[in-house]
2 protein chains.
Amino acid sequence: MTPTVPEVLLKAPLFASLPPDDLRRLADIAIPRRCEKKKTIFREGDRAEGFFLVSAGSVKIFKLSEDGKEQVLHIVLPGQSFAEAAVFEGGTFPAHAEALEDSELVFMPKRQFIELLERNPRIALRMMASLSMWLKRMTDLVESISLSDVETRLVRYLSEDMRNRGVTPKDGTVYELDVGKNVLASRLGTVPETFSRTLKKLQEEGKIRVKGKQIRILKAGFLDPGGPG
Amino acid sequence: MTPTVPEVLLKAPLFASLPPDDLRRLADIAIPRRCEKKKTIFREGDRAEGFFLVSAGSVKIFKLSEDGKEQVLHIVLPGQSFAEAAVFEGGTFPAHAEALEDSELVFMPKRQFIELLERNPRIALRMMASLSMWLKRMTDLVESISLSDVETRLVRYLSEDMRNRGVTPKDGTVYELDVGKNVLASRLGTVPETFSRTLKKLQEEGKIRVKGKQIRILKAGFLDPGGPG
DNA sequence: CGTAGGGTTGAGGTTAATCAAGTATGGTGG
DNA sequence: CCACCATACTTGATTAACCTCAACCCTACG
């Protein structure tokens with residue numbers, strides 16, 4: 001049924017460098033799925049029958065208030081997993097998920113996955129690491145939204161994201177936004193207008209130069225001064 | 001060395017109703033520890049050698065900004081565990097912990113606990129459930145702080161906390177605060193002044209009556225209207 | 001009885017949301 | 001290739017929620 005082990009299982013931190021045996025078993029239960037841009041993957045409260053990995057594309061995980069305001073919790077990139085928690089707690093999704101672009105996902109059915117975990121501590125440990133990572137992300141997000149102003153949040157986000165991409169910011173480094181500015185605004189817990197103004201302010205202070213999705217770092221020094229953790 | 005299985009292991013959701021064998025093994029590695037009121041248990045960034053359960057008392061988990069502002073992430077009550085994530089990710093604590101009252105804790109050393117997990121899927125699954133619960137708490141906290149105003153947050157907190165205590169609010173129900181108002185304010189992502197005013201407003205609207213740590217619910221109807229999840 | 005810590009109240013300031021137009025941008029069909 | 005549309009983004013003016021600062025109160029406790 002599954003001729004080869006999907007690439008994403010090999011490169012995802014969740015499963016990377018597991019013994020071939022484990023990977024085969026994982027591949028056996030993995031169900032590929034594609035998802036068009038802007039399509040809903042699940043809604044908060046939906047019954048959760050499993051969790052996902054992103055093979056290609058990107059997925060927005062977000063909360064919605066009653067009056068339609070949105071808070072992006074995370075933008076899931078290839079190799080990352082999401083909705084793991086729904087497998088273990090409550091059985092419903094705790095947030096919404098939507099594809100930001102045409103994406104390829106892998107679905108891991110809850111029941112079979114748990115069976116696998118029961119006889120496979122290595123995978124279980126990876127799972128706990130992944131959950132812990134999400135937890136750290138969310139606690140940092142709480143801190144950031146609650147204790148910092150928008151400018152600080154933006155600067156930290158840039159700094160952090162460059163680190164994740166393996167880029168060491170120097171004067172002149174160009175950073176390319178991989179999501180729309182409205183999505184980023186929502187991730188930062190603000191609105192597009194404020195986001196735009198904040199970017200403008202940094203530009204007027206000579207720290208960056210913005211052109212569309214390109215942000216050129218003019219004075220790398222302003223990044224970093226003490227993030228969370 | 002450990003004559004009996006500590007009570008907290010039996011009643012904590014994390015370990016409750018595990019087979020006696022598992023519980024004995026857990027008891028073998030558990031280290032009791034007491035902690036005086038206001039004493040720091042750990043600081044964010046400290047090297048984490050394990051995680052904790054609360055046997056008695058209560059513990060404040062919180063983030064601190066550079067200029068000293070505090071955001072309480074959770075108030076850990078007896079039977080609950082904290083800092084599990086630090087065992088699996090990074091190896092440092094992602095937040096601060098401080099005893100709110102004289103408390104009794106149980107410390108679970110990382111190394112031995114992981115060994116236990118490796119041969120014990122049942123415990124591993126509990127652990128994942130616990131991490132998932134924390135994750136849900138934190139995503140709900142993000143939503144709450146980011147998308148609701150202080151009044152809504154307070155009302156939801158009351159509603160949720162009464163549910164956790166197994167109380168179904170009716171007109172006349174008395175709710176007793178188990179933490180100081182300043183702590184609660186910080187948990188709600190606000191300051192004592194705003195918290196006080198919000199309580200006053202609800203009182204002026206005839207919804208509650210506040211007397212010290214007692215809050216009498218006058219019109220239970222105002223609780224509930226659609227929380228997160 | 002006096003002090004300390006927690007809590008409340010008031011006045012004023014600030015950040016960021018909202019409302020309301022505008023201006024790119026990018027894809028589509030003519 | 002261009003006109004067109006929808007969407008994304010920007011800008012400006014106004015408003016509102018909430019924080020800050022400062023003073024005061026109150027209750028517990030030595």
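Letters A, B, ... are given to chains in the order of the sequence lines, protein chains preceding strands, and every chain is numbered from 1.
- A salt bridge does not link Lys213(B) to Asp178(B): none of the charged nitrogens lies less than 4.0 Å from a carboxylate oxygen.
- Atom NZ of Lys211(A) and atom P of dC9(D) are 17 Å apart (whole Å).
- Cation-pi check for Arg187(A) over Phe195(A) is not met; the charged atom does not lie both under 6.0 angstrom from the ring centroid and within 45 degrees of its normal.
- Side chain of Asn182(A), nearest nucleotide from dA8(D), dT15(C), dT10(D): dA8(D).
- Seen from the ring of Phe222(B), Lys219(B) does not count as a face-on cation partner, given the 6.0 Å and 45° thresholds.
- The main-chain N or O of Val155(B) is never found under 3.5 Å from a side-chain atom of Ser159(B) such that the two would form a donor-acceptor pair.
- Residue Lys213(B) has no polar side-chain atom (N or O) positioned under 4.0 Å from OP1 or OP2 of dA28(D).
- Look at CD on Glu101(A): it is 14 Å from P on dA8(D), rounded to the nearest Å.
- Atom P of nucleotide dC18(D) and atom CG of Leu147(B) are separated by 13 Å, given to the nearest angstrom.
- Surrounding CD of Glu36(B) are at most 12 heavy atoms belonging to other residues, nucleotides or ligands under 6.0 Å away.
- OP1 or OP2 of dG10(C) has at least one side-chain nitrogen or oxygen of Lys200(B) nearer than 4.0 Å.
- Between Glu151(B) and Arg156(B) there is no salt bridge, since no side-chain nitrogen of the basic residue lies less than 4.0 Å from a carboxylate oxygen of the acidic one.
- Distance, Phe195(B) CZ to dT9(C) P: 13 Å, rounded to whole Å.
- When each of dT10(D), dC19(D), dA17(C) is scored by its nearest atom to the side-chain atoms of Lys181(A), the top-ranked nucleotide is dT10(D).
- Between the CG atom of Asp149(B) and the C1' atom of dA17(C) there is a distance of 13 Å, rounded to whole Å.
- Residues that satisfy the side chain to side chain donor-acceptor pair (under 3.5 Å) test with Thr152(A), not counting sequence neighbours, are Asp149(A).
- Counting non-hydrogen atoms under 4.0 angstrom, Lys38(B) reaches the backbone sugars and phosphates but no base.
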Name the pairs: protein N/O against N/O of nucleotides 18-25 of chain C, kept only if under 3.5 Å.
residue, atom, partner, partner atom, Å
dT18(C), O4, Arg197(A), NH2, 2.9
dC19(C), N4, Glu193(A), OE2, 3.1

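- One can place CG of Leu177(B) at 12 Å from C1' of dG7(C), the figure rounded to the nearest angstrom.
- When the C1' atom of dT10(D) is taken as reference, atom CD of Glu204(A) falls 12 Å away, rounded to whole Å.
- We find that CG of Leu188(B) is positioned 16 Å from C1' of dA17(D), with the value rounded to whole Å.
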